[in-house]
Amino acid sequence: MEIFEYTIQINAAPEKVWTVLWDDFSYRQWTSAFTEGSFYMGTWEQDSIVKFFDPNNNGMYSRVLKNNPNKEMTFLHLGEIYDGVEVPQDWGDATESYILEETEDGTKLTAKINTSEEFKSFFEDKFPIALQNVKNLAENQL
């Protein structure tokens, strides 16, 4: 496992960035960087299961390890979903965290992903675009 970290400065309050990250409508917009048509099912409550889908009903499911509003959301990835069917995976400590820190100019957003090396090029391609999408949405929403 390897930790990949991506950071962006956003000229908006943490509350606004948080809303962009986890509101259904804006979530679909910023995650289009990974797969066009991405969406989730479930709630963001701590210890709940959230399912992340592409338009073909494929994706992954995860447990919400931490939900500290406007500060941090962390997921533990549990398995993949193929055609709507959950397939558990032995990924160990495969986590994904979104950490928001209030700054003088707004919010520093950091995404930390603990995953295997095989996903490195995908994340290095897609995460900067995804975080730029979050920035654009948070700075341009009324």
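Small disclaimer: the values here were computed from a predicted structure and weren't measured. Atoms considered below: every heavy atom in the structure, side chains included; atoms not considered: hydrogens, waters and symmetry mates.
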Tell me whether the centres of the aromatic rings in Phe119 and Trp91 are closer together than 6.0 Å.
no
So Thr107 and Leu100, do their side chains get closer than 4.5 Å, heavy atoms only?
yes
Do other residues, nucleotides or ligands put more than 12 heavy atoms under 6.0 Å from the CG atom of Asp24?
yes
Side chain of Lys108, backbone of Glu102: donor and acceptor closer than 3.5 Å?
no
Closest non-hydrogen contact found for Ala138 with Ala12 is O-CB, 3.8 Å
Taking the six-membered ring for Trp and the full ring for Phe, Tyr or His, determine whether the centres of Tyr40 and Trp22 are under 6.0 Å apart.
no
Kindly indicate whether the side chain of Leu109, heavy atoms from C-beta on, has any atom under 4.5 Å from the side chain of Val134.
yes
Is it true that Lys51 and Glu86 make a salt bridge, defined as a side-chain N closer than 4.0 Å to a carboxylate O?
yes
Looking at Trp18 and Asn68, what are the two nearest heavy atoms and their distance?
CH2-O, 3.7 Å
With no hydrogens and no angle check, just 3.5 Å: does a side-chain donor-acceptor pair link Tyr82 and Glu80?
yes
Asn70 and Glu15: which non-hydrogen atoms are nearest, and at how many Å?
OD1-CA, 3.3 Å
Pair Ser116, Glu2 - check side chain to side chain donor-acceptor pair (under 3.5 Å), show working.
CA-CA 6 Å; Ser116 66; Glu2 195 173 336; over 6 Å; no
At their closest point, which heavy atom of Gln46 faces which heavy atom of Asn67, and how far apart are they?
OE1-N, 3.1 Å
Say you draw a straight line from CE of Met73 to CD of Glu96; how long is it, rounded to the nearest 0.5 Å?
11.0 Å
What's the shortest heavy-atom distance between Ser62 and His77, and which atoms?
OG-ND1, 2.6 Å
I'd like to check Lys120 versus Phe4 (side-chain heavy atoms, cut-off strictly below 4.5 Å). Are they in contact?
yes
Check for a donor-acceptor pair, side chain of Asn114 on one end and backbone N or O of Asp93 on the other, with a separation under 3.5 Å.
yes
Hey, does Gln29 have a side-chain heavy atom less than 4.5 Å from the side chain of Leu137?
yes
May I ask you to decide if Asn136's main-chain N or O and Asn140's side chain share a donor-acceptor pair within less than 3.5 Å?
yes
Shared hydrophobic cluster for Met60 and Phe122 (ILVMFWY, side-chain gaps under 4.5 Å)
yes
Return the CD to OG1 distance between Glu36 and Thr31, rounded to the nearest 0.5 Å.
9.0 Å
Do the non-hydrogen side-chain atoms of Leu131 and Ile129 ever get within less than 4.5 Å of each other?
no
Would you say the side chain of Val50 lies within less than 4.5 Å of the side chain of Met41, judging by non-hydrogen atoms?
no
Set out, in order, the CA-CA distance, both residues' side-chain angles and the distance that settles ring pair (Phe, Tyr, Trp, His ring centres under 6.0 Å) for Phe39 and Phe52, then state yes or no.
CA-CA 6 Å; Phe39 66 100; Phe52 303 96; over 10 Å; no
Find the distance between NZ (Lys112) and OG1 (Thr7) and round it off to the nearest 0.5 Å.
8.0 Å
Are Tyr6 and Phe123 close enough that their ring centers fall under 6.0 Å?
no
Less than 4.5 Å apart, side chain to side chain, heavy atoms only: is that true for Val64 and Glu45?
no
Side chain to side chain contact (heavy atoms under 4.5 Å, CB included) with Thr74: which residues, sequence neighbours excluded?
Leu65, Lys66, Glu72, Thr95, Ser97
Strictly distance-based, threshold 3.5 Å: is any side-chain N or O of Thr35 a donor or acceptor partner for the main-chain N or O of Ser38?
no
The reported gap from OH in Tyr98 to CG in Leu21 (rounded to nearest 0.5 angstrom) is 7.5 Å
How far does CD1 of Ile99 sit from OG1 of Thr110, to the nearest 0.5 angstrom?
6.0 Å
Heavy-atom pair with the smallest gap, counting every atom of Tyr61 and Ile81
CD2-CG1, 3.9 Å
Do Pro88 and Leu78 make a side-chain contact, defined as non-hydrogen atoms from C-beta onward lying under 4.5 Å apart?
no
Hey, is the main chain of Phe25 close enough, under 3.5 Å, to the side chain of Asp23 for a donor-acceptor pair?
yes
Under 6.0 Å between the ring centres of Trp44 and Phe75?
yes
